[in-house]
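Below is one structure; the comments refer to it alone.
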Amino acid sequence: MTVFALIDCNNFYASCERVFDPRLRDRPLVVLSNNDGCIIARSAEAKALGIPMGAPLHLIRDSLRRHKAIVRSSNYALYGDMSRRVMSIIRDTLPRMEVYSVDEAFADLSGVPERQTLACQLRAQIEQWTGITVGIGIGSSKAMAKLANHIAKKWPENEGVFDLAILSASERRQWYQQIDVSEVWGIGRRLITRLRAQGISTVDDLAQAHPSTMRREYSVLVERLIHELNGISCIELEEVAPERQQIFASRSFGHSLSTIEPIRQAIAHHVRRGHEKLLAQKMATATLGVFIRTNPHSQHSYYSNQNYLSFTEPTQDLCLLTRSANHLLDTLFRRDFRYTKAGIMLYGLEPAKHFQQDLFSAKSSSAQAALIEQINARHGKGALRTAREGWQSSTWNMAQRRKTPAYTTDWQNLLKVHLITNKESF
DNA sequence: TCTGGGGTCCTAGGACCC
DNA sequence: TCTGGGGTCCTAGGACCC
């Protein structure tokens, strides 16, 4: 029988902030999205105050102040590095694993003896070595492991580890009856509404529904979930991450822009970020897309548009991409709007080796790409960039007023420990 | 004043072919 | 008077995830 574990970091971003600043312990703490826009992570104390996920900062600022909550900008360099540490500890214990997201991993526990004990040890080790607390759920399918993880966290007596696969079908149903169907992996806002209308409100209601009927009424996804909840695994472990099919790079601006020049810079910047990801994955792109939009929440009239361009053959040429993006932007830009966001997309990705040309040929886009990659690897991201992008950090840059240092990935930001001598008073 | 960013998969419908 | 059926491929949009 297949057995899966889901290992999931608790309040991941908030926990990362805490590791390096013990003063934040036991206090309500929230982490903001890019541009300091809305809440994307909360400590347990912040959750207890009823601060909702995704809440816009400007709507709950008063409430945060009243409760003396700590507010932090997001620091992805820090979270990414902490994530790699956690994942490597998991991999040492459970080599058949899949990094599912920055704070979650699935692992194959099939045939592992004493899996409950092993899970408890792993959990303790992660906490001791990184300061991050995880929950571990075990089940006969990925969806079941997800639910077990929910139980592990929600019912404290389980001490962060729960095994649904070990239970009899009737014991499992007792748990399922207590849990809202919205906790099922893959059941989102829209489906909830429809399921509720049909009288399906608990996990058990869904698990007991007729699979092929539900497939007809909803989709193959719902059918698959029903099987998964009943212990029939339909979603495999992906130990090797599949090749990306598309690459995005976009940002909201620090404030709205009405002229095209700063937007050109932003687009050039996003093209370079997309290009970096493209090179890192050793891919070339067949299609470039550009989009711009105004603020959808504003009273002002809304404008959003996008345009695409396909190349005769897949390319890695940063200059070609930048030029093309510039032309696309010209087709999109309209005067008299206040733009708040722009971005680029790369589609039709293909492995670069399939059409790699002579590395030293003047016409070769891969030679240029390799050079850019080398220089930026040595001198830091963006050391070599297109002039279009500009050198000054400019008006389109995002706001990040409350960012912690990159403690673990930048020598300049290493944590300083101050020794207090007898002469100094407390 | 102020609302993130980056992905995947599925489905429906149109274009096109024989 | 009367105008098929079945298949593939592509794309846009919806829904979901973290």
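Keep in mind that this is a model prediction, so the values were computed, not measured. Per chain, numbering begins at 1; letters A, B, ... match sequence-line order.
Here A:E236 does not pair with A:R96 in a salt bridge; the nearest charged N to carboxylate O distance is not below 4.0 Å. Classification of A:E159 and A:K153 as a salt-bridged pair fails, no side-chain N sitting under 4.0 Å from a carboxylate O. The pair A:R196-A:D180 meets the salt-bridge criterion, with a side-chain N (NZ, NE, NH1 or NH2) lying under 4.0 Å from an Asp/Glu carboxylate O. Under a 4.0 Å N-O distance rule, the pair A:R224/A:E228 does not qualify as a salt bridge.
Residue A:D103 is classed as a sugar-phosphate contact, given heavy-atom separations below 4.0 Å to backbone atoms only. Nucleic acid contact for A:L57: none, since no nucleic acid atom lies under 4.0 Å from a heavy atom of the residue. As judged by a 4.0 angstrom heavy-atom cut-off over every strand, A:L59 is placed among residues making no nucleic acid contact. Nucleic acid contact for A:R273: sugar-phosphate only, since backbone atoms but no base atoms lie under 4.0 Å from a heavy atom of the residue. Within the nucleic acid shown, A:L32 has no heavy atom closer than 4.0 Å to any nucleic acid atom. Counting any heavy atom pair closer than 4.0 Å across all strands shown, A:V102 reaches no nucleic acid atom. Residue contacts shown for A:Q245 are limited to sugar-phosphate atoms, with no base heavy atom under 4.0 Å away. Within the 4.0 angstrom heavy-atom criterion, only backbone atoms of the sugar-phosphate kind lie near A:R224; the bases stay farther away. Residue A:A55 is classed as having no contact, given no heavy-atom separation below 4.0 Å to the nucleic acid.
The strand DNA chain B forms stems, runs of 3 or more Watson-Crick or G-U wobble pairs with distances below 3.5 Å, at B:5-18 with C:5-18.
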Verdict with supporting geometry, A:S310 and A:T287, side-chain hydrogen bond (donor to acceptor under 3.5 Å, both in side chains): CA-CA 4 Å; A:S310 289; A:T287 302; 3.0 Å; yes
A:R66 and A:D62: CA distance, side-chain angles, deciding distance, salt bridge (Lys or Arg N to Asp or Glu O under 4.0 Å) verdict: CA-CA 6 Å; A:R66 232 181 4 259; A:D62 287 344; 5.8 Å; no
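Taking atom C1' in both B:dC16 and C:dG4, one finds a spacing of 16 Å when rounded to whole Å.
Heavy-atom neighbours of A:K154 NZ from other residues, nucleotides or ligands within 6.0 Å: at or below the threshold of 12.
Here the side chains of A:I232 and A:S141 are not in contact, with every heavy-atom distance at 4.5 Å or above. No side-chain heavy atom of A:Y303 sits less than 4.5 Å from a side-chain heavy atom of A:R293. Counting heavy atoms from C-beta outward, A:K142 and A:E98 have side chains that approach closer than 4.5 Å.
Aromatic ring orientation, A:Y76 versus A:Y13: perpendicular (interplanar angle above 60°, classes split at 30° and 60°).
Looking at residues 60-95 of chain A, you'll see A:R61 sit with a heavy atom under 4.0 Å from some atom of DNA chain B.
Protein chain A touches strand DNA chain B; the 5'-most and 3'-most nucleotides with an atom under 4.0 angstrom of its non-hydrogen atoms are B:dC2 to B:dT11.
Checking A:D204 against A:T202 by side-chain atom types alone, no donor-acceptor pair falls below 3.5 Å.
When each of A:S33 and A:Y218 is assigned the nucleotide of DNA chain B bearing its nearest heavy atom, the one mapping closer to the 5' terminus is A:S33. In this structure, A:V220 and A:P242 both approach DNA chain B, and ranking their closest nucleotides by distance from the 5' end singles out A:P242.
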